[in-house]
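Working notes, beginning with the structure itself.
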Protein chains: 2
Amino acid sequence: MMPKEAAQEADQLDRLGFLLARHGAIANLRIQQAMAQLGLGQRHSAVLLHLGQGPISQQYLVETLGIDPSLVVSVLNDLERAELALRRRDPDDRRRHIVEITSRGLATIDSINNVVGAVERELFADLDAGELELLRELLNRVRISADDPPCGAPE
Amino acid sequence: MMPKEAAQEADQLDRLGFLLARHGAIANLRIQQAMAQLGLGQRHSAVLLHLGQGPISQQYLVETLGIDPSLVVSVLNDLERAELALRRRDPDDRRRHIVEITSRGLATIDSINNVVGAVERELFADLDAGELELLRELLNRVRISADDPPCGAPE
DNA sequence: TATTGTTATACTCTATAACTATA
DNA sequence: TATAGTTATAGAGTATAACAATA
């Protein structure tokens, strides 16, 4: 049984909000699948990318990524088991862990950049460099407020 | 020349793929919250919008929205309980249900359009009409393939 | 007493598969 | 036998909250 009015459909499904949400979800899914090829969930990658910038505490990850402390524990357990990161006690405050990336973790960051780059080339194959810059600029001007989910947060 | 740490951050977090995924997720979340004000999940709204175009079978919803038959049942149970839609047997094939929207359901579609419109005005407040058209055009040229999730599909 | 991190539990969402009734 | 829809169950993913250790 087919819908009779295609015009109405255009009204409702062409809404820019829906378009952004939908194509964003597709981009997200593609990235997710690419990460999975590396054996990483999205959060694992997000944590790893942050660790790439220097040692940090778990609390910092909780705040920055906007995810639950118990999730950080679980992700770090995985990363540590895979020898991509390691935890050690902070001598200045023995409650804290200093989380560091390993050399294997650094190599994995390169892999992440490669696979995400490949996804991007696929997604944006029909846009030239100028259009990509334009899209980036327009997306950056979409209003997101302070309480929006940081990258790596659940959906 | 930027310090090395900041350059790396820009490399990784400014990736257009991440930007699209992230801002799309925010748009999605806002829409979701707006729907929730009406007591509707995203799927409820998606189903309702499709019903607005005329009576359809449950099978059609399964195929169009890409969601599981059992989920369609559950969503329709909710919609029926709220008197937004109703099911009746198809006399031509008594296995099928013909699903119709009610007048209350039609009114709810108006509400959906209102709240989503409000979300869009918020998200896109810093863009003028021409820029919105440009953004729409660029988003439409992002490559999505046949097996990408239809709207209403799980994430 | 407050904070950091951990563990254990419960809950939500979804897919899977078995089932009923029609064809 | 195949199809439309329904129901029941199990699994993944997540939040919640209790807990241990430091401060």
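In what follows, every chain begins at residue 1, and chains take the letters A, B, ... in the order their sequences are listed. Just so it is clear, the model here is predicted, and its values are computed rather than measured.
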I'd like to know if the side chain of B/Gln58 and the backbone of B/His97 have a donor-acceptor N/O pair within less than 3.5 Å. no
Using modelled atom types and a 3.5 Å cut-off, is there a donor and acceptor pairing between side-chain atoms of A/Glu120 and backbone atoms of B/Leu16? yes
Enter the distance from B/Ile112:CD1 to B/Leu40:CG here, rounded to the nearest 0.5 Å. 5.5 Å
If you assign each of B/Ile67 and A/Pro69 to its closest nucleotide in DNA chain C, which residue comes earlier from the 5' end? A/Pro69
Below 4.0 angstrom from OP1 or OP2 of C/dC13, is there any side-chain N or O of B/Arg43? no
Can you pull every protein N or O that's under 3.5 Å from an N or O on nucleotides 2-4 of chain C?
unit_1, atom_1, unit_2, atom_2, d
C/dT3, O4', A/Arg95, NH1, 3.3
C/dT3, O2, A/Arg95, NH1, 3.3

Closest non-hydrogen atom pair between B/Ile101 and B/Leu84, with its separation: CG1-O, 3.4 Å
Figure out the CD1/P separation between B/Ile56 and D/dA4, and round it to whole Å. 15 Å
For a quick check, tell me whether the side chain of B/Ser70 and the base of C/dT16 share a donor-acceptor pair closer than 3.5 Å. yes
Strictly below 4.0 Å, heavy-atom distances to any atom of DNA chain D: list the hits from residues 76-89 of chain A, or just say none. none
With a 3.5 Å cut-off and no angle check, do the side chains of A/Gln33 and A/Gln37 form a donor-acceptor pair? no
Closest approach of B/Ile144 and A/Arg30, non-hydrogen atoms and distance? CA-NH2, 4.2 Å
Identify whether any heavy atom of B/Leu71 sits under 4.0 Å from a base atom; if not, whether one sits that close to sugar-phosphate; answer base, sugar-phosphate or nothing. sugar-phosphate
Is the number of heavy atoms from other residues, nucleotides or ligands within 6.0 Å of CZ (B/Arg94) greater than 12? no
